[in-house]
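Quick caveat: nothing in here was measured; it's all calculated off a predicted structure.
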Amino acid sequence: MTKSPTWISDWRPEDEAFWNTTGKSIARRNLIWSIVAEHIGFSVWLIWSIVTTKLPQAGFHYTTDQLFQLVAVPGLIGALMRFPYTFAVTTFGGRNWTIFSAAILFIPTLSLAYFVSQPDTPFWLMLLVASTAGLGGGNFASSMTNISFFFPDRMKGWALGLNAAGGNIGVSSVQLLTPILMTLAVFNLFQATPVDGIFLQNAGLMWVLPIAIAVFGAVFFMNNLTTAKSSVKNQLAIVKRKHTWIMAYLYIGTFGSFIGYSAAFPLLIKTQFPTVTISIAFLGPLVGSLSRPLGGWLADRVGGSIITFWNFIAMAGATVGVLYFVGQKDFIGFLSMFLILFVTTGIGNGSTYRMIPSIFREENLFKVRGKGDAARSAALKTASIESGAAVGFIGAIGAVGGYLIPSGFGKSIAMTGGPQLALAIYLAFYASCLALTWWFYLRRSPQGEGAPSLAEARV
């Protein structure tokens, strides 16, 4: 990988000759380092999903509901951070923002390392420290917006799916590695001192070197695209688009479920099956991450709306299974159903994200139908800008699930003694997502004057 100009002004991914001779290698290099930075961002974002399970053992006297709040609040902050992060790429440049957004992750990791060694830390202060982990959640929006500009339309599903999966696997990494590094003294980092035999500080310190590597990679191997420059006002046009809000709702169902279940899964296992080790929790986010490119790949070939529709049916079925087995206190059944649920969240993530650029492309091309090649070219550029903004905006709203699901489990357990009430509410939500997908994207009926048939276009 050779160093390239910081800013690239000539970028034509839809031009096949340009793509094959120049574009492909540059796009691939930016994708690789985008994945590295986003992977670490996700790891930091979900770091508290593991740390909270060890806090009582380390002398922190928080209630179960408070522990679920510590898991949930980074999800809320991460969702809110995604709004400014979405527009940052087109304002500051993808490379520049990746450098900043990776470097700022030193705040949540180092603050965690300090405060988890202080058992007398009041809950409000620990909640504030946990909230800074939400900075890692913002990375996804800027990363996805940035990568959407690098690839031609026919490859966006694959590229965005790969980028997202590489980031999502960070959830699995943190849940696999953190329990090991917190309990084995041989991995003691920077002379950390144990609290009741647990090196809780390592949960934060273990990411210092990876963050430094991500910053280095972004500085030397990533690029900014001048074609991706756009005013915030032009991008905010997507807020007035009906389909921005519909897709945001559906994305709460797919990505919101993935990040919410990932955050809650270790603590849910700890509360419902106390004898089971939480180290098995990493399997959920792992299968959910690995299935995400499959969702994008299937959507590229079959159509995003069709895959999304059937996927919500599968999600509902898996949720019913989880409801049954958690009631039976059958861990093998519970784990099996949850793993299926995680796989469907990944497939749905890929298919819904593939729908977004397709919808904006169809809507903009419809407006210039019969007006010539120049109008078509302008419409495609507008679609690229809008879909890039929409990808980040929708991702921000979808990430709210990272707060709602753990918080819902905490409240359900506090009120009823179990997570069943929360699961029943999530099941009803999936039914509403299923209905919306069919109504707007699969129903073959007139869309009204001035609107394209998105069912005919197989978005």
Trainee: Between F273 and I278, is there a side-chain heavy-atom distance shorter than 4.5 Å?
Mentor: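 Heavy-atom side-chain distance check fails, nothing below 4.5 Å.
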
Trainee: Taking atom types as modelled and ignoring hydrogens, do the side chains of N146 and S34 form a donor-acceptor contact shorter than 3.5 angstrom?
Mentor: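 Not at all, the side chains of N146 and S34 share no donor-acceptor pair under 3.5 Å.
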
Trainee: So do V36 and H39 actually touch side chain to side chain, heavy atoms under 4.5 Å?
Mentor: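 A side-chain contact is absent here, since even the closest heavy-atom pair is not under 4.5 Å.
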
Trainee: Decide whether T352 and T308 meet the rule of one side-chain donor and one side-chain acceptor closer than 3.5 Å.
Mentor: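 No, no side-chain donor-acceptor pair sits under 3.5 Å.
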
Trainee: Taking the side chain from T178 and the backbone from Q175, do they hold a donor-acceptor pair closer than 3.5 Å?
Mentor: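 Between the backbone of Q175 and the side chain of T178 there is no qualifying donor-acceptor contact (under 3.5 Å).
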
Trainee: Mind telling me whether F255 and Y251 have parallel, tilted or perpendicular rings, with 30° and 60° as the class edges?
Mentor: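 Judged by the thresholds at 30° and 60°, the geometry between Y251 and F255 is parallel.
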
Trainee: Taking only residues two or more places apart in sequence or in another chain, which ones pass salt bridge (Lys or Arg N to Asp or Glu O under 4.0 Å) with R28?
Mentor: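 For R28 there are no salt bridge (Lys or Arg N to Asp or Glu O under 4.0 Å) partners, ignoring immediate neighbours.
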
Trainee: Please report the shortest heavy-atom distance between G136 and W45, naming the atom on each side.
Mentor: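 The answer is C-CB, 4.0 Å.
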
Trainee: Stepwise, does the ring-ring contact (aromatic ring centres under 6.0 Å, His included) test hold for F429 with Y249?
Mentor: CA-CA 10 Å; F429 180 72; Y249 189 88; 4.8 Å; yes

Trainee: For the backbone of V459 and the side chain of Y441, can you confirm whether one donor and one acceptor N or O come within less than 3.5 Å of each other?
Mentor: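 No: the side chain of Y441 does not pair with the backbone of V459.
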
Trainee: List the steps, then state whether side-chain hydrogen bond (donor to acceptor under 3.5 Å, both in side chains) holds for N30 with R95.
Mentor: CA-CA 8 Å; N30 279 271; R95 167 190 175 270; over 6 Å; no

Trainee: Sequence neighbours left out, what passes side chain to side chain contact (heavy atoms under 4.5 Å, CB included) with Q420? Give chain and number order.
Mentor: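 In terms of side chain to side chain contact (heavy atoms under 4.5 Å, CB included), with neighbours along the sequence ignored, Q420 is linked to L323, V326.
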
Trainee: One thing to verify: whether R241 and E363 come together as a salt bridge, which I'm taking to mean a side-chain N less than 4.0 angstrom from a carboxylate O.
Mentor: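 A salt bridge is absent here (no side-chain N lies under 4.0 Å from a carboxylate O).
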
Trainee: Going by side chain to side chain contact (heavy atoms under 4.5 Å, CB included), name the residues that satisfy it together with M337, two or more places apart in sequence or in a different chain.
Mentor: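 Partners of M337 by the side chain to side chain contact (heavy atoms under 4.5 Å, CB included) criterion, ordered by chain and then number, come out as V322, F325, I340.
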
Trainee: Would you say the side-chain atoms of N311 and T344 include a donor-acceptor pair closer than 3.5 Å?
Mentor: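 On atom types as modelled, these side chains do not qualify, holding no pair under 3.5 Å.
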
Trainee: Checking K156 side chain against P357 main chain: does a donor-acceptor pair fall under 3.5 Å?
Mentor: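 Here the side-chain-to-backbone pair does not exist.
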
Trainee: Do the side chain of S43 and the main chain of G170 share a donor and acceptor less than 3.5 angstrom apart?
Mentor: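 It does hold such a pair.
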
Trainee: Under the ring pair (Phe, Tyr, Trp, His ring centres under 6.0 Å) rule, collect the residues that match up with W245, sequence neighbours excluded.
Mentor: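 Partners of W245 under the ring pair (Phe, Tyr, Trp, His ring centres under 6.0 Å) test: F393.
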
Trainee: Tell me, do W33 and I213 make a side-chain contact under 4.5 Å, heavy atoms counted?
Mentor: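 Yes, close enough: below the 4.5 Å cut-off.
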
Trainee: Do the side chain of T109 and the main chain of L105 share a donor and acceptor less than 3.5 angstrom apart?
Mentor: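 Such a contact is found between T109 side chain and L105 backbone.
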
Trainee: Indicate the atoms forming the closest heavy-atom contact of N139 with S101, along with that distance.
Mentor: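 Reported closest heavy-atom pair: OD1-CB, 3.4 Å.
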
Trainee: Taking it one step at a time, do M144 and Y353 satisfy side-chain contact (heavy atoms from CB on, under 4.5 Å)?
Mentor: CA-CA 10 Å; M144 294 295 272; Y353 245 54; 3.1 Å; yes

Trainee: Restricting to side chain to side chain contact (heavy atoms under 4.5 Å, CB included), what partner residues turn up for L176, sequence neighbours left out?
Mentor: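 Side chain to side chain contact (heavy atoms under 4.5 Å, CB included) check on L176 returns F282.
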
Trainee: Kindly write out the residues that satisfy ring pair (Phe, Tyr, Trp, His ring centres under 6.0 Å) with F100, not counting sequence neighbours, or none if the list is empty.
Mentor: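 So F100 forms a ring pair (Phe, Tyr, Trp, His ring centres under 6.0 Å) with W97.
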
Trainee: What pairs of residues pass the salt bridge (charged side-chain N to carboxylate O under 4.0 Å, His left out) test when at least one of them lies in residues 272-294, not counting sequence neighbours?
Mentor: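 Sorted result for residues 272-294: empty, none.
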
Trainee: Donor-acceptor pair, distance only, cut-off 3.5 Å: does the side chain of S291 make one with the backbone of L294?
Mentor: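 Between the backbone of L294 and the side chain of S291 there is no qualifying donor-acceptor contact (under 3.5 Å).
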
Trainee: Heavy-atom distance under 4.5 Å between the side chains of P108 and I47, does that happen here?
Mentor: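 P108 does not reach I47 side chain to side chain.
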
Trainee: Please identify each residue that fulfils ring pair (Phe, Tyr, Trp, His ring centres under 6.0 Å) with F258, with sequence neighbours left out.
Mentor: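 In terms of ring pair (Phe, Tyr, Trp, His ring centres under 6.0 Å), with neighbours along the sequence ignored, F258 is linked to no residue.
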
Trainee: Side chains of P56 and L67: does their closest heavy-atom pair fall under 4.5 Å?
Mentor: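 P56 vs L67: side chains touch.
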
Trainee: Kindly indicate, with the supporting measurements, whether the criterion side-chain contact (heavy atoms from CB on, under 4.5 Å) is fulfilled by K270 and T52.
Mentor: CA-CA 10 Å; K270 184 83 171 175; T52 50; over 6 Å; no

Trainee: Step by step, would you call L112 with W48 a side-chain contact (heavy atoms from CB on, under 4.5 Å)?
Mentor: CA-CA 9 Å; L112 181 150; W48 284 88; 3.5 Å; yes

Trainee: Evaluate the side-chain contact (heavy atoms from CB on, under 4.5 Å) criterion for residues I413 and Q272: first the C-alpha distance (whole Å), next the side-chain angles of each, then the deciding distance (0.1 Å), finally the verdict.
Mentor: CA-CA 10 Å; I413 292 170; Q272 301 307 301; 3.7 Å; yes

Trainee: Can you tell me which residue pairs pass the side-chain hydrogen bond (donor to acceptor under 3.5 Å, both in side chains) test with a partner in residues 392-407, sequence neighbours excluded?
Mentor: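 Qualifying pairs, neighbours excluded: Q69-S407.
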
Trainee: So, taking the atom named CE in M182 and the one named CD1 in I50, what distance separates them when rounded to the nearest 0.5 Å?
Mentor: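 Here the rounded value is 6.5 Å.
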
Trainee: What residues form a ring pair (Phe, Tyr, Trp, His ring centres under 6.0 Å) with F115, not counting sequence neighbours?
Mentor: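 If we apply the ring pair (Phe, Tyr, Trp, His ring centres under 6.0 Å) test to F115, skipping adjacent residues, there are no hits.
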
Trainee: Could you tell me whether the side chain of S412 and the main chain of G418 form a donor-acceptor pair under 3.5 Å?
Mentor: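 Indeed, once roles are kept as given, a pair shorter than 3.5 Å links the two residues.
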
Trainee: Less than 6.0 angstrom separating the ring centers of H243 and F360, yes or no?
Mentor: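 Not under 6.0 Å, so no.
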
Trainee: Would you mind writing out the side-chain donor-acceptor pairs for residues 74-84 within the sub-3.5 Å range, not counting sequence neighbours?
Mentor:
from, atom 1, to, atom 2, distance (Å)
R82, NE, G137, O, 2.8
R82, NH1, G395, O, 2.8

Trainee: Please list, chain by chain and in numerical order, all residues satisfying salt bridge (Lys or Arg N to Asp or Glu O under 4.0 Å) with K411, sequence neighbours excluded.
Mentor: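 K411 satisfies salt bridge (Lys or Arg N to Asp or Glu O under 4.0 Å) with D65 once adjacent residues are dropped.
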
Trainee: Would you name the heavy atoms of A103 and V215 that are closest together and state the gap between them?
Mentor: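 Reported closest heavy-atom pair: N-CG2, 3.7 Å.
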
Trainee: Is the shortest heavy-atom distance from the side chain of F68 to the side chain of T64 under 4.5 Å?
Mentor: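 The answer is yes, as the side chains (C-beta and beyond) meet within the 4.5 Å cut-off.
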
Trainee: Any side-chain donor paired with an acceptor under 3.5 Å for Y430 and S257?
Mentor: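 Yes, a side-chain donor-acceptor pair sits under 3.5 Å.
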
Trainee: What are the two closest non-hydrogen atoms of S305 and L442, and how far apart are they?
Mentor: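 Scanning both residues, the minimum pair turns out to be OG-CD2, 3.5 Å.
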
Trainee: Could you tell me which non-hydrogen atom of P419 sits nearest to which non-hydrogen atom of L268, and how far apart they are?
Mentor: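 Scanning both residues, the minimum pair turns out to be CB-CD1, 4.0 Å.
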
Trainee: About how many Å separate OG1 of T90 and CG of L225, when rounded to the nearest 0.5 Å?
Mentor: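 L225 CG to T90 OG1: 11.5 Å, rounded to 0.5 Å.
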
Trainee: I want to check something: taking the side chain as every heavy atom from C-beta on, are T227 and F149 in contact at a cut-off of under 4.5 Å?
Mentor: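 No, every pair of side-chain atoms sits at 4.5 Å or beyond.
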
Trainee: Centroid-to-centroid, F220 to F216, below 6.0 Å?
Mentor: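 F220 vs F216: aromatic centres under 6.0 Å.
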
Trainee: Using a 3.5 Å distance criterion without hydrogens, assess whether the side chain of N202 forms a donor-acceptor pair with backbone atoms of L205.
Mentor: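 Flag not set: sc N202 to bb L205 has no pair under 3.5 Å.
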
Trainee: Ring centres under 6.0 Å, that's the criterion: do F334 and Y324 meet it?
Mentor: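 Between F334 and Y324, the centre distance exceeds or equals 6.0 Å.
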
Trainee: Counting C-beta onward and ignoring hydrogens, is there a side-chain heavy-atom pair between F265 and F409 closer than 4.5 Å?
Mentor: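 Side-chain contact under 4.5 Å: no.
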
Trainee: Just by distance, do the side chain of T345 and the backbone of F342 share a donor-acceptor pair under 3.5 Å?
Mentor: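 Yes, because the side chain of T345 sits within donor-acceptor range (under 3.5 Å) of the backbone of F342.
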
Trainee: Looking at every heavy atom in both A72 and P406, which two are closest together, and how far apart are they?
Mentor: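 For A72 versus P406, the nearest heavy atoms are CB-CB, 3.9 Å.
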
Trainee: Do any N or O atoms from the side chain of N168 and from the backbone of G288 form a donor-acceptor pair under 3.5 angstrom?
Mentor: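 No; judged by distance alone, with no hydrogens or angles, the pair does not exist.
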
Trainee: Do we see a donor-acceptor contact under 3.5 Å between the side chains of T145 and T86?
Mentor: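 No, no side-chain donor-acceptor pair sits under 3.5 Å.
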
